[in-house]
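Both counts, for ligands and for their atoms, begin at 1 and track the order of listing. All values derive from a computational prediction rather than experimental measurement. Excluded from the calculations below are hydrogen atoms, water molecules and symmetry mates; all remaining heavy atoms, backbone and side chain alike, are included. Throughout, residue positions are numbered sequentially from 1 according to the sequence presented.
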Amino acid sequence: MKSINVMEGDIERFFPTSGQDSNPAYRGVSALASIVIIVAFAYVASAKLGFTVAFAAEQVTLIWPPSGIALAALLLAGLRVWPGIFIGAFAANVTTHEPALTAFGIAAGNTLEALVGAALLRRAGFHNGLDRLQDVLALTLFSAILSTIVSATIGTFSLCATGLQPWHSFIALWRVWWLGDAGGALLVAPAILAWGSGFSAQGSAPSLRRIVEAVLLFAGIVLMCAAIFARSPDSHLSGHSVIYMIFPFIIWAALRFGQRATTIVTLIASGIAVLSTARGLGPFGSDSISQSLILLESFMATVAVTGLLLSAAIAERRAAEKKLSIYAGELEHINRQLDDFVHIASHDLKEPLRGLILQASFLLDDLGEELDEDARKRLRRMIDLGQHMGHLVEDLLHFSRLSREKLMKQDINPEAIIERIRSMAESWLDERKARIAVVAPLPRLRGDSTAMAEVFRNLITNAIKYNDKDEPLIEVGFTESLETPSGVECNVFYVRDNGIGIDPQYHDEIFHIFRRLPDAARFDQSGTGAGLTFVKKIIERNDGRIWLESAPGRGSVFYFTFPSAGNSGRQA
Ligand code: ADP
């Protein structure tokens with residue numbers, strides 16, 4: 001869904017002119033004139049509708065849709081369409097038995113109100129789609145509360161100054177005027193803005209279920225409003241509390257359909273409510289007309305702001321989720337590219353490296369006699385370094401395979417794996433006087449058995465290698481629940497040793513590829529520092545987590561979580 005805001009200067013997009021009118025200046029003026037005329041007509045038509053619920057004075061109505069139309073027109077088509085508002089307001093008022101001077105004053109107030117509201121919103125960085133909380137708050141504050149003061153003050157002054165209304169009614173008229181304009185800004189403007197500010201560039205057609213749900217929503221709000229408002233005030237559904245039954249529909253619209261549907265549902269509800277109340281029907285019908293419409297107006301404003309805020313909050317959350325999923329997709333893509341790069345690079349490095357080692361070996365074998373001791377030493381060093389580099393390249397290749405290869409999930413018996421490790425390393429264990437104790441029973445696991453064997457093999461060989469005791473002791477066990485500083489972990493395996501231990505400052509680093517601790521070479525010269533990286537990769541690919549507790553001289557315990565058989569969900 002792509003949202004395109006229509007801003008000032010986009011008028012041509014509304015009214016594309018034919019190819020013959022090639023003069024851009026002419027096209028611009030004629031497009032502007034068309035919009036001005038449309039705005040004026042819309043203003044007059046909606047004003048006449050508003051006058052049908054006029055009560056405080058012929059010109060003071062409780063719901064004043066034109067104020068919403070004017071504001072939306074300026075925000076969508078640009079401030080320069082203001083003459084349309086002025087012409088419309090003047091025409092609407094002058095045809096309501098008013099002297100031209102009064103109509104002029106009122107029209108000036110109406111135009112200024114819309115200009116002030118739109119200018120303030122523009123300054124605040126307002127989004128016409130009302131898709132952020134700050135837009136709804138700005139609309140409420142700048143347009144509904146502040147800019148309406150301009151029109152209410154100038155308009156009421158015009159009525160009283162020209163003798164159409166007595167000065168003692170000024171405050172009462174002003175209040176109704178202000179409320180009516182605020183109602184227009186909160187009920188009518190959002191609907192036009194939400195529907196006019198964006199359109200779907202690639203939206204898919206709604207499903208039948210969604211259409212049925214929308215029909216139910218709109219039928220529901222119409223029926224509910226009719227039941228609440230279009231009934232006699234002394235029917236059994238009396239009391240103001242029934243009006244709150246509108247809220248579920250507003251929440252439904254906001255949660256399921258977004259800003260546009262919410263504005264329409266609110267508009268329908270307020271239309272039925274105002275028209276019914278003006279005819280003396282509904283929960284407000286028995287109060288005095290001015291009192292009841294003011295109460296109703298305040299209620300509808302609350303409904304409108306609630307609906308707008310709710311759908312804006314949901315729109316913000318959806319936008320954030322969309323952004324996150326785009327980032328996640330990009331990250332995944334980059335990760336895959338990196339994996340591919342590592343795979344290709346390490347694969348392609350293998351051959352030339354083998355060639356180099358071979359050539360150096362030939363040189364040593366064939367010309368060894370003729371070279372002096374120093375040259376032979378250098379050749380041997382070259383072969384050693386080449387072989388070490390070969391191991392590193394092999395490790396890289398293995399690491400990239402761990403990320404790429406499909407996991408073969410099967411039931412694994414970890415005790416059998418440990419037994420196999422023990423029998424394969426029997427002579428080494430005897431030589432080191434090392435003992436592997438399994439704290440049985442270990443639960444069966446669900447995962448890739450080759451990868452799982454690699455996890456146990458790496459952890460157990462490290463526990464023996466990095467051990468300064470005469471009799472290294474390795475304990476492999478399992479606990480269903482383990483309390484750690486970051487919370488409670490479930491289904492935790494552990495491999496404990498009585499070795500040299502690891503300074504906590506290295507607890508993260510040892511999982512980085514090719515990272516060996518300063519004294520590692522003292523215990524094992526052939527290591528490359530990749531084993532724990534493989535272990536971590538395998539565990540994380542199986543939705544597990546690995547961490548350790550260790551300190552120098554106090555041995556180490558490596559903990560990891562892993563899905564147990566019969567439970568393929570996340571364990572951590
Ligand atoms: P390698 O054993 O090839 O060096 P590893 O990734 O398995 O690579 O281990 C990284 C480093 O972590 C080792 O070089 C060693 O310094 C340290 N280390 C790993 N396991 C232990 C252990 N059980 N006790 C103490 N140090 C360990």
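Close approach of ligand 1 to G529 is summarised as follows: ligand atoms under 4.0 Å from at least one heavy atom of the residue are 1 (P), 3 (O), 4 (O), 6 (O), 8 (O). Every atom of ligand 1 is numbered from 1 in the order shown, and the set under 4.0 Å from a heavy atom of L517 is 14 (O), 16 (O). For ligand 1, the atoms closer than 4.0 angstrom to any heavy atom of S556 are 24 (N). In the vicinity of I500, heavy-atom distances shorter than 4.0 Å reach the ligand 1 atoms 25 (C). Near G527, the atoms of ligand 1 lying under 4.0 angstrom from a non-hydrogen atom of the residue are 3 (O). The ligand atoms of ligand 1 that sit less than 4.0 angstrom from a heavy atom of A520 are 14 (O), 16 (O).
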**OP:** Carefully, step by step, assess D135 and R132 under the rule salt bridge (Lys or Arg N to Asp or Glu O under 4.0 Å).
**Re:** CA-CA 5 Å; D135 299 323; R132 302 167 309 171; 2.7 Å; yes
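A salt bridge is absent between R318 and E321; no separation between the charged side-chain nitrogens and carboxylate oxygens falls under 4.0 Å. Between D524 and R516, at least one side-chain nitrogen of the basic residue sits less than 4.0 Å from a carboxylate oxygen of the acidic one, meeting the salt-bridge criterion. Taking the charged nitrogens against the carboxylate oxygens, D374 and R378 do have a contact shorter than 4.0 Å, which makes a salt bridge. Using a cut-off of 4.0 Å between Lys/Arg side-chain N and Asp/Glu carboxylate O, D448 and K409 are scored as not salt-bridged.
Polar contact check, T533 against ligand 1: no nitrogen or oxygen pair lies under 3.5 Å apart. Considering backbone and side-chain N/O atoms, G501 never comes within less than 3.5 Å of an N/O atom of ligand 1.
Figure legend: cation-pi geometry between R432 and W428 absent, as NZ or CZ is not positioned both under 6.0 Å from the six-membered ring centre and within 45° of its axis.
Every salt bridge (charged side-chain N to carboxylate O under 4.0 Å, His left out) that E213 has, sequence neighbours left out, goes to R256.
Looking at T461, N467, I502 and measuring to atom 25 (C) of ligand 1, the nearest heavy atom belongs to I502. Here atom 20 (N) of ligand 1 lies nearest to N462 when heavy atoms of N458, D524, N462 are compared. Of the options R515, H391, R516, R522, the smallest heavy-atom separation from atom 10 (C) of ligand 1 is shown by R515.
Tested against L308, the residues T262, T263, L133 include a single side-chain contact (heavy atoms from CB on, under 4.5 Å) partner, T263.
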